[in-house]
Amino acid sequence: MTAVPLHDWDLAPREAIALQRRLAGRVERADRLGPVRHIAGVDIGFEAQGEITRAAVVVLAWPGAPGGEFAVVEEALHREPTRMPYVPGLLSFREVPAALAAFEQLTVRPDLVMVDGQGIAHPRRLGVASHLGLWLDLPTIGVAKSRLCGRHGEPGPERGDWSPLTDGPEDEVIGAVLRSRAGVKPIFVSPGHRLSLTTALHWVTACLGRTKLPEPTRLADRLASRRGEKSR
DNA sequence: GCGACAG
DNA sequence: ATCTTGTCGC
């Protein structure tokens, strides 16, 4: 095997970019999902002025209740010293190691994973969702709150309306700008690994509750930012 | 050289 | 991402 050892997470920007180019070629954009019974949400937060990284994973049962509520099957939180600063385009090297550690705590292996960040909607087509998907060998979807690269028009006003996110000279479609809630800034959805954009949109839409973010990501976000203790 | 830039 | 109060609106 030509597996990259874990210590190679600490690479100089130059090498990290070269690695992304190689890994991008291994990302699968065609659907390869099994039956979906468990959907996970992943997000990373920080504490102590960014010195400590908090990786949170929340596993939900599919399907949920009619009202858009899902049963939480399991939660995992991993804390570790932050390994590197935020560098646009190299986010996965900062967040994926901690996310993998959190996944190791799980007793159930999710069938689909939603990650806070971009999938292939990345300069080298290897956003954090794609990178994590490759390491876990699981279908992943990138759900970002803002744009990293690409061009797009304004999506329609209704929940579910979306417009394609394109990039490059060939106008390659790399994701979708989705109106997840009326009257709110849209979210950026892109395939991470092992699924198409159409399928990614299907699942993100299916997991929308009353808020802007789909439930998996929203709950992971809350746990990573330790907001679960507050407001109660 | 001048912007743009997930979390 | 995180630091932070009140405030506008359903």
Side-chain angles (χ1 to χ4, degrees), chain A residues 9 13 16-17 20 23-24 27 41-58 67-68 77-102 113-134 140-152 157-159 165-168 174-178 180-193 197 200 204 209-214 216-231:
Chain A
W9 282 112
I17 289 173
Q20 290 184 323
L23 294 180
V27 172
V42 188
D43 188 35
I44 275 65
F46 300 88
E47 55 181 77
Q49 294 81 238
E51 303 277 310
I52 302 297
T53 296
R54 294 166 57 95
V57 181
V58 176
L77 179 65
H78 171 78
R79 296 168 71 256
E80 65 172 42
T82 299
R83 59 180 59 227
M84 62 171 272
Y86 166 69
V87 178
L90 300 180
L91 182 67
S92 62
F93 291 86
R94 170 177 163 90
E95 304 190 338
V96 171
L100 290 175
V113 182
M114 292 191 193
V115 186
D116 191 317
Q118 312 289 351
I120 63 172
H122 174 280
R124 291 168 291 283
R125 308 294 181 260
L126 193 84
V128 60
S130 299
H131 205 160
L132 181 62
L134 280 176
T140 57
I141 300 174
V143 180
K145 295 179 288 297
S146 61
R147 183 191 70 89
L148 171 60
C149 68
R151 305 172 288 278
H152 67 86
E158 305 296 305
R159 163 186 291 227
L165 177 65
T166 62
D167 189 36
I174 57 176
V177 184
L178 173 70
S180 55
R181 192 179 175 195
V184 175
K185 206 214 302 182
I187 58 178
F188 294 71
V189 177
S190 59
H193 184 46
L197 174 59
V204 169
R210 301 177 175 180
T211 53
K212 164 178 172 170
L213 296 176
T217 292
R218 196 198 56 121
L219 294 174
D221 202 303
R222 199 183 58 169
L223 179 57
S225 303
R226 58 188 169 173
R227 272 176 232 163
E229 309 113 42
K230 285 178 152 187
S231 71

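Chain identifiers are assigned alphabetically (A, B, ...) following the order of the sequence lines, protein sequences preceding nucleic acid strands; residue numbering begins at 1 within each chain.
Spacing between atom OH of Y86(A) and atom C1' of dA6(B) amounts to 5 Å, rounded to whole angstrom units. Nucleotide dG7(B) holds its P atom 15 Å from the CG atom of L132(A), rounded to whole Å. Per the geometry, CG belonging to L165(A) stands 17 Å off P belonging to dA4(B), to the nearest Å. Distance NE2 (H152(A)) to C1' (dA4(B)): 13 Å, rounded to an integer number of Å. The distance from atom CG of L91(A) to atom C1' of dC5(B) is 12 Å, rounded to the nearest whole Å. We find that CZ of R54(A) is positioned 15 Å from C1' of dG7(B), with the value rounded to whole Å. Look at CD on Q118(A): it is 14 Å from C1' on dA4(B), rounded to the nearest Å. At whole-Å resolution of the value, NE2 in H131(A) and C1' in dG7(B) are 16 Å apart.
Taking a cutoff of 4.0 Å between a charged side-chain nitrogen and a carboxylate oxygen, E47(A) and R79(A) qualify as a salt bridge.
Nucleic acid contact class of I187(A) (heavy atoms, under 4.0 Å, all strands): none.
Every pair tested for side chain to side chain donor-acceptor pair (under 3.5 Å) that includes a residue from residues 181-191 of chain A fails, sequence neighbours excluded, so the list is empty. Residue pairs meeting the side chain to side chain donor-acceptor pair (under 3.5 Å) criterion with at least one member in residues 119-128 of chain A, sequence neighbours excluded, are Q20(A)-R124(A), R125(A)-D167(A), R125(A)-E172(A).
Tested against H193(A) for a side chain to side chain contact (heavy atoms under 4.5 Å, CB included), the candidates L126(A), V27(A), I141(A) yield a single pass: V27(A).
Smallest separation of non-hydrogen atoms from L165(A) and A121(A): CD2-CB, 3.8 Å. Between P123(A) and C149(A) the shortest heavy-atom distance is N-SG, 3.7 Å.
Distance check, rounded to the nearest 0.5 Å: CG of L178(A) to CD1 of I187(A) gives 5.0 Å. Expressed to the nearest 0.5 Å, how far OG1 of T217(A) lies from NZ of K145(A) amounts to 8.0 Å.
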Kindly list each side-chain donor-acceptor pair under 3.5 angstrom involving residues 86-100 of chain A, sequence neighbours excluded, with atom names and distances?
residue, atom, partner, partner atom, Å
S92(A), OG, H131(A), ND1, 2.7
R94(A), NH1, M84(A), O, 2.6

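The aromatic ring of F188(A) does not stack onto the base of dA6(B), failing the criterion of a centre distance under 5.5 Å from the six-membered base ring together with planes under 30° apart.
In DNA chain B, no run of at least 3 Watson-Crick or G-U pairs (N1-N3 plus N6-O4 or O6-N4, or N1-O2 plus O6-N3, all under 3.5 Å) shows up, so the stem list is empty.
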field: Test side-chain contact (heavy atoms from CB on, under 4.5 Å) applied to V42(A) and V113(A), step by step
entry: CA-CA 7 Å; V42(A) 188; V113(A) 182; 3.6 Å; yes
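Of the side-chain N and O atoms in R147(A), none sit less than 4.0 angstrom from OP1 or OP2 of dA4(B).
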Show the distances under 3.5 angstrom between N or O atoms of the protein and N or O atoms of nucleotides 1-3 of chain C.
residue, atom, partner, partner atom, Å
dA1(C), OP2, K145(A), NZ, 3.2
dT2(C), OP1, F46(A), N, 3.2

Short heteroatom pairs, N/O only, protein and nucleotides 6-10 of chain C, under 3.5 Å:
none

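Although no hydrogens or angles enter the test, the distance criterion places no donor-acceptor pair under 3.5 Å between the side chain of R222(A) and the main chain of S225(A).
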